[in-house]
Each structure stands twice: as structure tokens, then as C-alpha cells.
Amino acid sequence: MGTANLATALGLNFGRSIDPTNNIYVDQQGLSQYYNLGLNITLFNWFSLKRSVESNQFGYEAQIVNIDKIKNDVTLNVAAAYLSALLAKQQVSLAKTKIQLTGQQLANTRALVNAGSLPELNAAELEVQFATDTAAIITAQETYDIDNLQLKAILNLDAAAPFDLDTPPIETIPVEPIASLQPDIVYSIAIGTFPQQKMNDLRISSAERYVDYSKGRMYPTLQAYGTLTDNFFNDLRQINQTFPVVATNAYAVNGVIQYPVFSPEPNTTYSSQSIFKSFRGYGNQMSNNFGQQVGLQLNVPIFNGNTARINYKKAQLNVATAKLTKDNDLLTLKQGVYQAYYNAVASLQKFESNKKAVVVAEKSFDLATKRYNIGMLNTIDYLTNQNNLFTARINVLIAQYDFVFRIKVLEYYKGLGIKL
């Protein structure tokens, strides 16, 4: 594992500073630039970097599995919302059937009342029932519209978009035999296939590798390094020098003036130059100042505020937390499987019982209708039988849809997916 970095900087120097090309203090304005290319390679660090990579890899895989878990949860929510909307639609159909039956009976009774065969009270009682059935249709339609809206929300569809349910008969939805969905078998399969458990195992592995990484950070690290450097510096002033020849005092020998002595005196002046002109000689300086360095570096942690040891202890606690999370999720999974199974058994028993109730209610209503038509049964008793039949049909639908959903939950735990 290694790192490589390239750095460069360009700046203006003012006042007293170090000329980077010769490390001498100068008092001048200058333009400087430097380059630094550094390479660092870890030779040995007690495998801490390797464990860090492994920890991150396990963490990444756990997140991938978590996506599968979210997909499964969304699928289960869609199935529940779909079945709920189907049930609501069936209830709307039943309510419409009931009001048609009430309307037909009201028309027949009104004809008999007009003929004088039945009292007005019979027609009035049926009109009350017709109004009640009308309200029941409105309530059932409202429930269906809300369930339909919730289903569109789960599917991330626009609430205003046209949407209608495909309504296959509930009997055509495939379900596994409940005998093949025994809770102990489903639970043992779910442990190996359920995304939540896979995710927990990966997170434990990630936390354990991070413990090894944190432990390695407490020991010395051996590294090899290499550096390439280069720099440039130039004055922003133009130097102008002249050397005029000036006569000095003449020499005298024995009181006699000899030839005068002439000597050059330097005369230096400065003038500003543009930044672009200051780059003259850039290539030569870069070539002359190019430097290289290679070496070995041993880093020994002596005291760092106990940070490394605290991180190591925290990593160990994270492992314990991940294991506790797994145990808790296993308990939740087991409870969910057994609860789904017992709910499915209860729903099946309710369904079978309600089917018998429908048969009895239909027979009772048929007899009540015959007696009412010949005037041997009052309207209240007739409506009671009619409502009992309607309630029995609603109950059998509720039990049937609930049973299908409970079976789908067990299939979900078994890893069979959701098939509707």
C-alpha cells in the first residue's frame, strides 16, 4: 500500500526571506516556484492496512445484501397492499350485489303494498335498508380508493395517474400447502437465506477485521519513501551596472607629482521588470536545482493520547454489538416465523368456518325470502336474514384474503419470494 502526491506553488517574495535556490537570506522582491513529487510505500505495518481493506470490503458486501433485504421488504409491502386493495374491491362488489337485492325486494314489496296485500310499514322498512345499503357502498368505495392510493404510493406512482387493479379470483393465487410450511423448517431455511442474517454475518466479519486493523495501528510501521524536488527563483528588479573610470589623487614621488591613478567605480541602479521577463533562465534553474531523495522511515507510536488503544477497545465493543444485533435479529426472525404460521393456521380455520356459515346463511335467507313473499315473515326478520348472509360473505372474503397473505409471509421467510 502506498501513496503518491504532486505539489507545486508559485508565489511572490517580499522583504527578507530565503532564496530557495541557495538557502541564503536575501532582502529583495522575487518570484519563486517549487515542485515536489513524493512517493510513500508501506513495507510492513502488522497487516493493518490489509485488514482495513478487508473490513471495508465486508462492509460493502453487507450494504449490497441490505439492498436485497429492502427489495424483499418492499415486495412484501406491495403484496400486502395489493391483497388489501383486492379485498376492498370485492367488498364493493358485494355491497352492490346486496343493494340490488334490496332494491328488487323493495320494488316487489311496493307493488304488494299498492295492491293492498302488505302494509306500508313493510315498504318503509325496506326503504330504510336501501338507504343503509347505499351508505355501505359509499363506505366500501372510499376504503377501496384509499387502499388503491396507498398501493400507488408504495409503487411510487403519481396519485393522479389512472390506475386499476387486475382482479384475478383469489382462488387462482398460488399458495404453498401449509403442511410444507412448518415453522421449525421455515426458520432453519430462513437462517441461511434471509438477507438480514447474511448482512449481520458480514457486519460481524467487517467489525472483526477492523479490530485487527486497530491493533496493528499500535505497533511500529516501516515505510520506504522517495522524493523529487525542483525550484526556481528570480528577482523582480532589473539590475543595471556601469563602471565609469574616475581619477583619484595622484601619487607624488620626492615631492614631484607623478601620473594620476584612474580606477573604475561601479555604479548600480535597479529598475522594475515584468513578471514574464523574470522567468528568463527558468529552464536552467530547474535543471540545476533538481533534487532526489530515497530512504526508509520507521514510525514507532510512543504516546498519542492513548488514541490507538481507545480505538482498539471501541473496535472490540463494535464486534460485541454486531453479535448482539445478530442474536436479537434471530430471535425476531423466529418469533416472526412462528407468529406467521399460527396466524395462517387461525386464518385457515376461520376461512373454513365462515364457508360453512355462508352455506347456512344462504339456506336461511332462501327460506326467509319464500316466507316473506307469501306474507308469513315480517320485514324485520327478512332483513335480519339478508344482513346475516351479507355479513357471512364479507367474513369469508376477509378470512380467505388473510389466509393467502399469511401464507405469502411464510413463503417470504422460506425464501420463495412473493407470487401473486
Side-chain angles (χ1 to χ4, degrees), residues 83-112 117-119 121-141 143-144 147 167-179 181 340-408:
L83 291 175
S84 178
L86 282 183
L87 174 60
K89 193 169 186 179
Q90 292 293 335
Q91 289 176 331
V92 171
S93 298
L94 275 178
K96 290 180 178 179
T97 301
K98 185 172 183 292
I99 199 173
Q100 288 177 358
L101 182 62
T102 302
Q104 292 172 359
Q105 192 60 49
L106 176 59
N108 294 335
T109 300
R110 175 58 63 186
L112 292 174
S117 300
L118 291 176
L121 178 62
N122 289 25
E125 289 173 341
L126 281 170
E127 287 177 352
V128 171
Q129 184 62 47
F130 187 84
T132 302
D133 292 345
T134 302
I137 288 179
I138 296 174
T139 301
Q141 185 64 46
T143 301
Y144 170 69
D147 289 345
T167 54
I170 186 65
E171 296 82 5
T172 62
I173 296 179
V175 293
E176 289 287 311
I178 195 169
L181 298 173
Y341 175 77
Y342 291 133
N343 287 338
V345 172
S347 296
L348 179 59
Q349 293 173 346
K350 290 179 182 179
F351 175 56
E352 295 296 337
S353 176
N354 285 321
K355 283 199 300 183
K356 295 178 182 179
V358 168
V359 173
V360 175
E362 287 177 345
K363 184 177 180 181
S364 176
F365 178 69
D366 183 59
L367 294 174
T369 301
K370 292 177 180 179
R371 294 186 65 189
Y372 178 79
N373 289 335
I374 61 176
M376 295 183 63
L377 188 69
N378 61 48
T379 306
I380 296 298
D381 291 337
Y382 169 78
L383 293 177
T384 299
N385 280 274
Q386 185 187 52
N387 290 333
N388 288 340
L389 175 59
F390 177 75
T391 301
R393 287 174 174 172
I394 289 292
N395 289 338
V396 77
L397 272 178
I398 293 174
Q400 189 174 15
Y401 276 92
D402 186 63
F403 170 69
V404 170
F405 176 69
R406 301 301 178 183
I407 292 295
K408 292 303 172 184

Participant: Describe, in one word, how the ring planes of Tyr382 and Tyr372 are oriented to each other, choosing from parallel (under 30°), tilted (30 to 60°) and perpendicular (over 60°).
Facilitator: parallel
Participant: Check whether any side-chain heavy atom of Phe351 sits under 4.5 Å from a side-chain heavy atom of Leu397, and report yes or no.
Facilitator: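 Side-chain contact under 4.5 Å: no.
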Participant: Is the shortest heavy-atom distance from the side chain of Leu86 to the side chain of Tyr401 under 4.5 Å?
Facilitator: yes
Participant: Working to the nearest 0.5 angstrom, can you tell me the gap between Ile178 CD1 and Ile407 CD1?
Facilitator: 4.5 Å
Participant: Tell me, do Ile173 and Leu83 make a side-chain contact under 4.5 Å, heavy atoms counted?
Facilitator: yes
Participant: Please examine the side chains of Thr132 and Lys98, heavy atoms only from C-beta on, and report whether any two atoms are closer than 4.5 Å.
Facilitator: no
Participant: Using every non-hydrogen atom in the two residues, find where Glu125 and Leu383 come nearest and quote the distance to one decimal.
Facilitator: O-CD1, 3.6 Å
Participant: Could you tell me the separation between the CG atom of Leu87 and the CD1 atom of Ile398, rounded to the nearest 0.5 Å?
Facilitator: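 Taking CG in Leu87 and CD1 in Ile398, the distance rounds to 6.0 Å.
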Participant: For residues Ile380 and Thr384, determine if any side-chain heavy atom of one lies less than 4.5 Å from a side-chain heavy atom of the other.
Facilitator: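 The answer is yes; the side chains approach within 4.5 Å.
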Participant: List the atom of Asp147, the atom of Ser84, and the distance in Å for their closest heavy-atom pair.
Facilitator: OD2-OG, 3.3 Å
Participant: Please report the closest heavy-atom contact between Lys96 and Ile137, naming both atoms and the distance.
Facilitator: CA-CD1, 3.9 Å
Participant: As an exercise, state the distance from CG of Asn343 to CZ of Phe403, rounded to the nearest 0.5 Å.
Facilitator: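 These two atoms lie 12.0 Å from each other.
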Participant: Under a 4.5 Å cut-off applied to non-hydrogen side-chain atoms, are Glu362 and Arg393 in contact?
Facilitator: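 Heavy-atom side-chain distance check passes, below 4.5 Å.
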Participant: Side chain to side chain contact (heavy atoms under 4.5 Å, CB included) for Gln105 and Asn373? Distances and angles first, verdict last.
Facilitator: CA-CA 9 Å; Gln105 192 60 49; Asn373 289 335; 3.4 Å; yes
Participant: For residues Val358 and Ala392, report the shortest heavy-atom separation together with the two atoms involved.
Facilitator: CG2-O, 3.3 Å
Participant: Between Glu127 and Arg110, is there a side-chain heavy-atom distance shorter than 4.5 Å?
Facilitator: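 SC-SC contact between Arg110 and Glu127 confirmed.
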Participant: Find the distance between OG (Ser353) and CG (Leu348) and round it off to the nearest 0.5 Å.
Facilitator: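 Nearest 0.5 Å value for the OG-CG distance: 11.0 Å.
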Participant: Going by atom types only, do Asn378 and Asp381 share a side-chain donor-acceptor pair under 3.5 Å?
Facilitator: yes
Participant: Applying side chain to side chain contact (heavy atoms under 4.5 Å, CB included), run through Gln141 and Ile138 and close with a yes or a no.
Facilitator: CA-CA 5 Å; Gln141 185 64 46; Ile138 296 174; 5.8 Å; no
Participant: What's the verdict on side chain to side chain contact (heavy atoms under 4.5 Å, CB included) for Leu126 and Phe130, showing C-alpha distance, side-chain angles and the deciding distance?
Facilitator: CA-CA 6 Å; Leu126 281 170; Phe130 187 84; over 6 Å; no
Participant: Taking the side chain as everything from C-beta on, heavy atoms only, tell me whether Tyr144 gets closer than 4.5 Å to Gln91.
Facilitator: no
Participant: Verify side-chain hydrogen bond (donor to acceptor under 3.5 Å, both in side chains) between Thr109 and Asn122, making sure each step is shown before the conclusion.
Facilitator: CA-CA 7 Å; Thr109 300; Asn122 289 25; over 6 Å; no
Participant: Provide the closest heavy-atom pair for Ser364 versus Asn385 in the form atom of the first, atom of the second, distance.
Facilitator: OG-OD1, 2.5 Å
Participant: Asn387 and Gln129: side chain to side chain contact (heavy atoms under 4.5 Å, CB included), yes or no, with the steps?
Facilitator: CA-CA 10 Å; Asn387 290 333; Gln129 184 62 47; 3.3 Å; yes
Participant: Taking all heavy atoms of Ala123 and all of Leu106, pick out the closest pair and write down the distance.
Facilitator: O-CD1, 3.6 Å
